[in-house]
Amino acid sequence: MEIDTENPSPARVYDYVLGGKDNYAADRKAAGRVLEMEPHARDSAVENRRFLARVVKHLAGQGIKQFLDLGSGLPTMDNVHQVARRHVPDARVAYVDFDPMVLAHARALVKPDEGVTYIHSDIRDVDTVLKGARGLLDLSRPVALLAIAVLHFVPDEDDPAGLVATYARELASGSRVAISCASTEDVSPELVNRIRSVYDNAPSPLYLRPRDRIRGLFGDLELLEPGLVHVTDWPVPSGAARLPLTMLGGVAMIP
């Protein structure tokens, strides 16, 4: 598939903010505009990545051996399978993304015979994602569904809460659903609008949501302690300063 270098890609902007090199001028320009508006916005990306690592470590420690990572983005340090296998050596991970650059890296790095696979698909195409996941994961046993910093790229008209519910219905009892999402909480309306404008021409615009809408992404699932919190405060309050771009996260269990 052709890589669009003219418009910013969420995966590549995230890569740049985290210090990666797999990005283009359009991505660096978009990231630069956000950082110009809020110089500490990089902290939000870094802390969100740390949240992902803590979630994976926590769930692996509880015996979860299978992970379905929606919107995985480009490989970085401490990818999901690397974190999980420090605690569960036979952990299996299916990564999902639709950025062609992610596909190029996945072809080079992912080895299905070693318990890691990549599914090149929009996360909204649930049938394709689950068909690919079943090639590696046993969905009759608990799976951790990871939707980390991806649902704020799904517009309301595509019903992100319904999307999560559709995935959850296909997963076994005892599975977990982990979500983090950019929020309007504690962020000035002016900054919210300016950040949105950066992604206006991107293939995946950014949709920041209030707390109650993010809680609604979990549907009827019961959130595990400590509930929906700033990503720096999961699984326990850290006392860290609030991030300039609020990221809220939580984990729920499928009954």
Side-chain angles (χ1 to χ4, degrees), residues 48 51-73 79-85 87-98 102 106 110 112 114-154 158-181 213-229 231 234-235 248-255:
N48 183 74
F51 167 74
L52 170 62
R54 291 196 302 275
V55 166
V56 173
K57 175 182 177 181
H58 179 81
L59 296 182
Q62 292 189 333
I64 300 292
K65 297 184 177 183
Q66 304 186 106
F67 298 82
L68 179 56
D69 187 4
L70 303 179
S72 58
N79 295 294
V80 170
H81 69 283
Q82 294 167 327
V83 176
R85 287 178 175 175
H87 309 279
V88 183
D90 58 343
R92 292 177 171 265
V93 179
Y95 294 106
V96 185
D97 208 294
F98 76 139
V102 178
V110 170
E114 294 183 4
V116 181
T117 194
Y118 172 78
I119 303 159
H120 189 69
S121 174
D122 190 311
I123 66 168
R124 291 169 290 191
D125 186 353
V126 180
D127 290 342
T128 296
V129 172
L130 292 180
K131 180 180 179 180
R134 288 188 177 97
L136 178 71
L137 308 180
D138 179 359
L139 301 191
S140 69
R141 301 181 65 82
V143 173
L145 179 71
L146 307 175
I148 307 300
V150 65
L151 295 176
H152 49 229
F153 293 110
V154 179
D158 286 341
D159 188 15
L163 180 66
V164 174
T166 301
Y167 277 107
R169 284 195 295 271
E170 298 298 320
L171 301 181
S173 175
S175 293
R176 313 296 203 275
V177 176
I179 295 172
S180 73
C181 189
R213 297 290 296 279
I214 296 175
R215 174 60 184 89
L217 297 175
F218 291 93
D220 295 331
L221 298 178
E222 182 178 354
L223 281 165
L224 304 177
E225 291 296 333
L228 183 66
V229 297
V231 292
W234 198 98
L248 298 179
V251 178
M253 180 181 290
I254 297 175

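Atom-to-atom distance recorded for His152:NE2 and Leu248:CG is 11.5 Å, nearest 0.5 angstrom. With rounding to the nearest 0.5 angstrom, the CG atom of Asp90 is 9.5 Å from the CD atom of Gln66. Distance check, rounded to the nearest 0.5 Å: CG of Asp97 to CD1 of Ile119 gives 11.0 Å. The CG atom of Leu151 lies 7.5 Å from the CG atom of Leu70; values are rounded to the nearest 0.5 Å. In this structure, the separation between CD1 on Ile123 and CG on Leu163 is 5.5 Å, given to the nearest 0.5 Å. Atom NE2 in His81 sits 8.5 Å away from atom CD in Glu114 (nearest 0.5 Å).
Between Ala178 and Ile148, the closest heavy-atom pair is O-CD1, 3.9 Å. Smallest separation of non-hydrogen atoms from Ala84 and Phe67: CB-CE1, 3.7 Å. In this structure, Ile179 and Phe218 approach most closely via the heavy-atom pair CB-CZ, 3.6 Å. Leu136 approaches Gly115 most closely through the heavy-atom pair CD2-O, 3.6 Å. Residues Gln82 and Asn79 approach most closely at OE1-N, 2.8 Å, considering heavy atoms. When all heavy atoms are compared, the tightest approach of Phe51 to Gly250 is CZ-N, 3.8 Å.
For the 3.5 Å distance criterion, the side chains of Asp125 and Thr128 qualify, holding a donor opposite an acceptor.
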Q. After noting the C-alpha distance and the side-chain angles of Met253 and Glu222, does the key distance pass the side-chain contact (heavy atoms from CB on, under 4.5 Å) rule?
A. CA-CA 6 Å; Met253 180 181 290; Glu222 182 178 354; over 6 Å; no
Q. Under the side-chain contact (heavy atoms from CB on, under 4.5 Å) criterion, do Val116 and Arg85 qualify, and how do the steps go?
A. CA-CA 11 Å; Val116 181; Arg85 287 178 175 175; 3.6 Å; yes
Q: Starting from the C-alpha separation in whole Å, work towards a yes-or-no answer on side-chain contact (heavy atoms from CB on, under 4.5 Å) for Val56 and Leu146.
A: CA-CA 9 Å; Val56 173; Leu146 307 175; 4.1 Å; yes
Q: Give the intermediate values and the outcome of side-chain contact (heavy atoms from CB on, under 4.5 Å) for residues Val55 and Arg176.
A: CA-CA 10 Å; Val55 166; Arg176 313 296 203 275; over 6 Å; no
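Between the side chain of Glu170 and the backbone N or O of Leu139, no donor-acceptor pair lies under 3.5 Å. Put simply, the side chain of Arg54 gets close to the backbone of Trp234: a donor and an acceptor are under 3.5 Å apart. Checked by atom type and distance alone, the side chain of Ser180 never pairs as donor or acceptor with a backbone atom of Gly249 at under 3.5 Å. Not one N or O on the side chain of Tyr167 forms a donor-acceptor pair closer than 3.5 Å with the backbone of Val177.
Environment of CZ in Arg141: sparse, with no more than 12 heavy atoms of neighbouring residues, nucleotides or ligands closer than 6.0 Å. Residue Asp220 qualifies as open at atom CG: its count of foreign heavy atoms under 6.0 Å is 12 or below.
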